[in-house]
**Student:** 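The structure's right below; bear with me while I get my questions together.
The chains referred to below are lettered A, B, ... by the order of the sequence lines, with proteins before strands, and numbering in each begins at 1.
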2 protein chains.
Amino acid sequence: MGLARDTRVRWALEEVGQPYDVRLVSFQAMKEPAHLALHPFGQIPTYEEGDLALFETGAIVLHIAEHHAGLLPGDADARARAIMWMFAAVNTVEPPILELVIARIHEGDKPWAKERLPLVAERVRNRLKQLSARLGDAEWLDGAFSAGDLMMASVLLRLRPSGILDEFPSLAAYVARAEARPAYQRAFAAQLAINASRAV
Amino acid sequence: MGLARDTRVRWALEEVGQPYDVRLVSFQAMKEPAHLALHPFGQIPTYEEGDLALFETGAIVLHIAEHHAGLLPGDADARARAIMWMFAAVNTVEPPILELVIARIHEGDKPWAKERLPLVAERVRNRLKQLSARLGDAEWLDGAFSAGDLMMASVLLRLRPSGILDEFPSLAAYVARAEARPAYQRAFAAQLAINASRAV
């Protein structure tokens with residue numbers, strides 16, 4: 001039921017044109033043994049396909065990308081670089097963004113919040129400067145749109161509420177291009193429909 | 001020249017029995033254009049093989065594991081789960097550990113350090129509790145040793161100076177089993193030899 005990470009999996013499935021069923025998990029159920037058996041860290045999303053059960057968005061998206069055309073290039077070197085960008089998204093760009101989210105949400109009421117937040121935001125900006133320099137005026141990170149772009153755009157999307165993404169126009173445009181993809185639109189609409197149905 | 005992340009790549013190469021050459025990069029050179037062309041975030045390690053250049057430790061280790069026997073199981077589902085544990089290492093377990101490192105090293109002199117450190121350490125403990133519960137009394141995370149264990153043990157190793165790893169005996173033993181592997185021993189010795197030669 002979280003907005004952030006299950007959207008990545010829906011998006012990947014829409015990009016490769018694979019149908020899927022959704023099973024919602026409440027915040028309470030996420031901490032219960034049945035869910036912990038699927039996801040030892042008590043989070044979402046999880047993914048089930050026959051006898052295979054996976055957690056970790058990056059691993060699920062990579063699994064989907066490896067088994068269906070549309071998210072990884074055919075050339076072996078280009079494929080390795082697309083996977084490299086997936087790891088860069090979750091291990092280099094996301095950690096400072098997560099730290100900013102934690103600083104705002106979980107430590108927003110602490111006495112140090114006001115003085116510390118700009119430090120954390122600066123770490124995010126440093127990463128975005130480097131990413132922006134690498135992207136240059138290219139459309140995607142390395143040739144055609146790939147699972148690497150799907151993960152990177154998803155990670156950057158978490159920054160939008162902070163206003164920091166808009167300080168980097170080429171990255172903001174990159175994320176907007178990603179969001180404009182029909183597959184993203186379908187994934188987002190499906191997510192929104194569920195949220196709306198739960199809100200009634 | 002950093003101890004932490006290039007050891008992961010050395011270790012993977014030792015596990016699969018592939019020889020390699022090392023090119024050292026100084027802290028200064030890491031920020032220069034020639035290195036930024038290889039690694040847009042100005043870090044180490046990078047990896048070069050023919051025309052392919054990669055950064056991101058997870059991507060490099062996965063690339064090595066995909067092309068040489070020894071780090072990924074043959075069964076397709078088990079392979080997907082091994083990759084899942086690689087992502088879990090870098091995207092779920094490492095971020096709070098990195099936050100703890102940053103809190104100690106980069107914010108250790110801040111007025112909030114003393115009050116905030118226990119909060120950050122508690123986030124690390126929560127993850128380790130969950131990981132420890134999943135590992136149980138198994139030797140490795142999912143069947144035989146895999147690239148998932150290589151990455152997870154490497155991430156947990158960063159915690160040792162904090163003393164937190166030793167609060168979880170089964171995880172401390174898991175890391176010790178990983179370190180006892182001949183391939184790890186060779187990688188660590190090679191790293192140590194370089195550090196020693198630089199210290200002279």
**Student:** Is A:W112 close to B:R116 at the side-chain level, that is, under 4.5 Å between some pair of heavy atoms?
**Tutor:** yes
**Student:** Can you check whether A:M152 reaches A:V93 side chain to side chain, under 4.5 Å on heavy atoms?
**Tutor:** yes
**Student:** Select one option (side chain, backbone, both, neither) describing which atoms of A:D51 are under 4.5 Å from chain B's heavy atoms.
**Tutor:** both
**Student:** Taking the inter-plane angle between the rings of B:F145 and B:W140 on a 0 to 90° scale, is it parallel (under 30°), tilted (30 to 60°) or perpendicular (over 60°)?
**Tutor:**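 Taking B:W140 first and then B:F145, their aromatic rings stand perpendicular (interplane angle over 60°).
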**Student:** With a 4.5 angstrom heavy-atom cut-off, could you sort out which part of A:L131 is near chain B: side chain, backbone, both or neither?
**Tutor:** both
**Student:** Tell me whether A:H67 contacts the main-chain N or O of A:H63 through its side chain, where contact means a donor paired with an acceptor under 3.5 Å.
**Tutor:**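 Pair found, side chain donor or acceptor close to backbone of A:H63.
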**Student:** Can you label the angle between the A:H39 ring and the A:F55 ring as parallel, tilted or perpendicular, going by 30° and 60°?
**Tutor:**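 Judged by the thresholds at 30° and 60°, the geometry between A:H39 and A:F55 is tilted.
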**Student:** With a 4.5 Å cut-off on heavy-atom pairs, point out which of B:A88, B:A53, B:P111, B:A89 contacts chain A the most.
**Tutor:**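 Option with the greatest count: B:A88.
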**Student:** Where on A:A133 is there a heavy atom nearer than 4.5 Å to chain B: the side chain, the backbone, both, or neither?
**Tutor:**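 Neither part.
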**Student:** With no hydrogens and no angle check, do the side chains of A:E49 and A:Y47 hold a donor and an acceptor under 3.5 Å apart?
**Tutor:**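 Checked: A:E49/A:Y47 side chains pair up, N/O donor to acceptor below 3.5 Å.
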**Student:** What residue, out of B:T92, B:L98, B:I83, has the most heavy-atom pairs lying under 4.5 Å from chain A?
**Tutor:** B:T92
**Student:** Determine, for B:E99 against B:R104, whether the closest basic-nitrogen to carboxylate-oxygen distance falls under 4.0 angstrom.
**Tutor:**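 No, no charged N to carboxylate O under 4.0 Å.
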**Student:** Which residue out of A:R81, A:Q43, A:E56 racks up the most heavy-atom pairs below 4.5 Å with chain B?
**Tutor:**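 Going by pairs under 4.5 Å, I would pick A:E56.
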**Student:** Do you know which of A:T57, A:I60, A:V90, A:L36 has the most heavy-atom pairs under 4.5 Å to chain B?
**Tutor:** A:V90
**Student:** Go through the atoms of B:E115 and report whether side chain, backbone, both or neither lie under 4.5 Å from a heavy atom of chain A.
**Tutor:** both
**Student:** Please determine, among B:M86, B:K110, B:E94, B:E66, the option with the most heavy-atom pairs under 4.5 Å with chain A.
**Tutor:** B:E66
**Student:** Would you mind checking which part of A:R127 comes under 4.5 Å of any heavy atom in chain B, side chain (CB onward), backbone (N, CA, C, O), both or neither?
**Tutor:** both
**Student:** Given heavy-atom pairs under 4.5 angstrom as the criterion, report whether the side chain, backbone, both or neither of A:R123 touches chain B.
**Tutor:**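 For A:R123, the contact with chain B is made by the side chain alone.
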**Student:** Atom CE of B:M151 and atom CG of B:L62: how far apart are they, to the nearest 0.5 Å?
**Tutor:** 9.5 Å
